[in-house]
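Dropping a structure here in structure tokens format, bear with me for questions.
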Amino acid sequence: MTRRKLVAGNWKMNGLKRNLGEVRAIAAAAARCPSVDVALCVPFTLIADAAAAAPDLVIGGQDCHAEDSGPHTGCIAAPMLVEAGARTVIVGHSERRADQFETSQDAWAKAAAAHRHGLNVILCCGETEAEHDAGRAERVVQAQIEKSVPDDAAPDWFTLSYEPRWAIGTGRTPSVESIAAMHAIARAKLKQLVGAEAARGIRILYGGSMTGKNAASILAAPDVDGGLIGGASLTAEKFVPIIEAAVEVSK
Ligand code: PGA
């Protein structure tokens, strides 16, 4: 089974209406690259405007609540994302695990809620620097996957993203070999959880300081089916070379 590459941007807490020109430019580049999938996860406040500015680009949110509505001040529910024009959502990002104390169980419930409402899901996992240094990365990632991936995860709506926390926003990346090794471990764990066929089709992205310079080598590695890109997704100038690298390695 060939897995199409997915290049997903995560704008995190960046982006105002004045940045919609970047959304349009990224959408134009995505339209020129039909052999790969492109998505852009923007702040909640920008979803409707981004979806209107770039109707053919997959716009996403960066989190959603596990419940559909209720007394949860400041939270956003999956149906709200859908109504705003989102088609995908990131859950379990390491910044939310660290800053909002989210657990793998939370990510599981959020992924299930998103799926209930027809959103695609990008679920993140990844070890901290301390866990990496202690040689525990493999076990940590396996446990996160075990606790957070829904049993019915399937390629048509579910994507996993491996993001070593120490590589996010730091300019440091693991070697291509160790990225490939962790992706193989993640896929083996997926196989146990969702079965061989689904595990073969589910895309596993790499995230953490991916740029136009390192994208081609990372994206060409076995079991790496795309990237989740933070800093380098904020402008078309930096993001488009990553999309183009995905096109090149897909040939
Ligand atoms: P980065 O972020 O590309 O800025 O390292 C990646 C991510 O957190 O998704």
Side-chain angles (χ1 to χ4, degrees), residues 5-15 19 22-23 26 29 36-44 46-47 50 58-64 86 88-102 104 106-107 110-111 114 120-129 131-132 137 140-141 144-145 148 158-176 178-179 182-183 186 203-219 221 224-246:
K5 302 278 187 216
L6 168 60
V7 179
N10 174 10
W11 274 16
K12 308 189 179 184
M13 199 173 71
N14 299 287
N19 304 109
E22 299 295 344
V23 175
I26 290 165
V36 301
D37 294 332
V38 179
L40 195 60
C41 298
V42 296
F44 297 132
L46 216 52
I47 290 173
V58 172
I59 299 296
Q62 302 167 14
D63 178 48
C64 73
T88 192
V89 63
I90 298 168
V91 298
H93 191 278
S94 66
E95 284 156 10
R96 294 204 60 90
R97 290 177 190 256
D99 300 347
Q100 273 77 33
F101 312 108
E102 289 187 5
S104 291
D106 293 329
K110 288 169 181 226
N120 285 354
V121 169
I122 300 172
L123 187 145
C124 303
C125 61
E127 79 283 0
T128 63
E129 181 150 36
E131 289 161 344
H132 178 258
V140 166
V141 169
Q144 288 174 339
I145 294 173
S148 60
F158 184 84
T159 297
L160 188 69
S161 189
Y162 168 60
E163 308 207 300
R165 206 181 290 180
W166 51 274
I168 294 178
T170 58
R172 294 161 57 203
T173 53
S175 67
V176 172
S178 54
I179 293 172
M182 191 61 97
H183 280 228
R203 291 184 283 197
I204 306 178
L205 313 183
Y206 166 78
S209 298
M210 192 184 276
T211 65
K213 285 210 173 80
N214 60 24
S217 59
I218 295 173
L219 293 173
V224 177
D225 307 311
L228 182 57
I229 297 106
S233 72
L234 292 174
T235 62
E237 191 190 354
K238 288 189 173 152
F239 196 40
V240 173
I242 301 177
I243 299 171
E244 289 169 348

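As the structure lists them, so they are numbered: ligands from 1, and atoms in each ligand from 1.
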Salt bridge (charged side-chain N to carboxylate O under 4.0 Å, His left out) against K5, all qualifying residues, sequence neighbours excluded: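 By the salt bridge (charged side-chain N to carboxylate O under 4.0 Å, His left out) rule, K5 matches no residue at all.
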Quick check on contacts: which atoms of ligand 1 are under 4.0 angstrom from a heavy atom of L228?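 The list of qualifying atoms is 6 (C), 9 (O).
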For atom 3 (O) of ligand 1, what is the closest protein heavy atom, and at what distance to 0.1 Å?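 For atom 3 (O) of ligand 1, the nearest protein heavy atom is G230 N, 2.8 Å.
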Give me the residue, atom name and distance of the protein heavy atom closest to atom 4 (O) of ligand 1.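 Sorting protein heavy atoms by distance from atom 4 (O) of ligand 1 puts G231 N, 2.8 Å first.
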Minimum heavy-atom distance G60-A86, with the two atoms named: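 Looking at all heavy atoms of both residues, the shortest contact is CA-CB, 4.2 Å.
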Under 3.5 Å between some N or O of ligand 1 and some N or O of K12?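 N/O-N/O distance below 3.5 Å exists for this pair.
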Under 4.0 Å between a Lys/Arg side-chain N and an Asp/Glu carboxylate O for D106 and R96?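 Looking at R96 together with D106, the answer is no, because their closest N to O distance does not fall below 4.0 Å.
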Nearest-0.5 Å distance, CD1 of residue I179 to OG1 of residue T173: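 These two atoms lie 6.0 Å from each other.
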Please state which protein non-hydrogen atom is closest to atom 9 (O) of ligand 1 and give its distance, to 0.1 Å?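 Looking only at protein heavy atoms, the one closest to atom 9 (O) of ligand 1 is E163 OE2, 3.0 Å.
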Could you state the interatomic distance from CD1 (I122) to CD1 (I204), rounded to the nearest 0.5 Å?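 That separation rounds to 13.5 Å.
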For R172 and E129, run side-chain contact (heavy atoms from CB on, under 4.5 Å): C-alpha distance rounded to whole Å, both residues' side-chain angles, the deciding distance at 0.1 Å, then the answer. CA-CA 11 Å; R172 294 161 57 203; E129 181 150 36; 2.9 Å; yes
Say whether G169 and ligand 1 are in contact under the criterion: heavy-atom distance to a ligand atom below 4.0 Å.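 Within the 4.0 Å threshold, so yes.
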Look at ligand 1 and say whether S209 reaches it with a heavy atom at a distance under 4.0 Å.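 Right, S209 reaches ligand 1.
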Does any part of the side chain of D63, heavy atoms only, come nearer than 4.5 Å to the side chain of F44, both counted from C-beta?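 Yes, at least one pair of side-chain atoms sits under 4.5 Å.
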At a 4.0 Å threshold, what atoms of ligand 1 neighbour a non-hydrogen atom of N10?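 Numbered from 1, ligand 1 contributes 9 (O).
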With atoms numbered from 1 as shown, which atoms in ligand 1 lie under 4.0 angstrom from a non-hydrogen atom of G208?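 Taking each heavy atom of G208 in turn, ligand 1 has 5 (O), 6 (C) under 4.0 Å.
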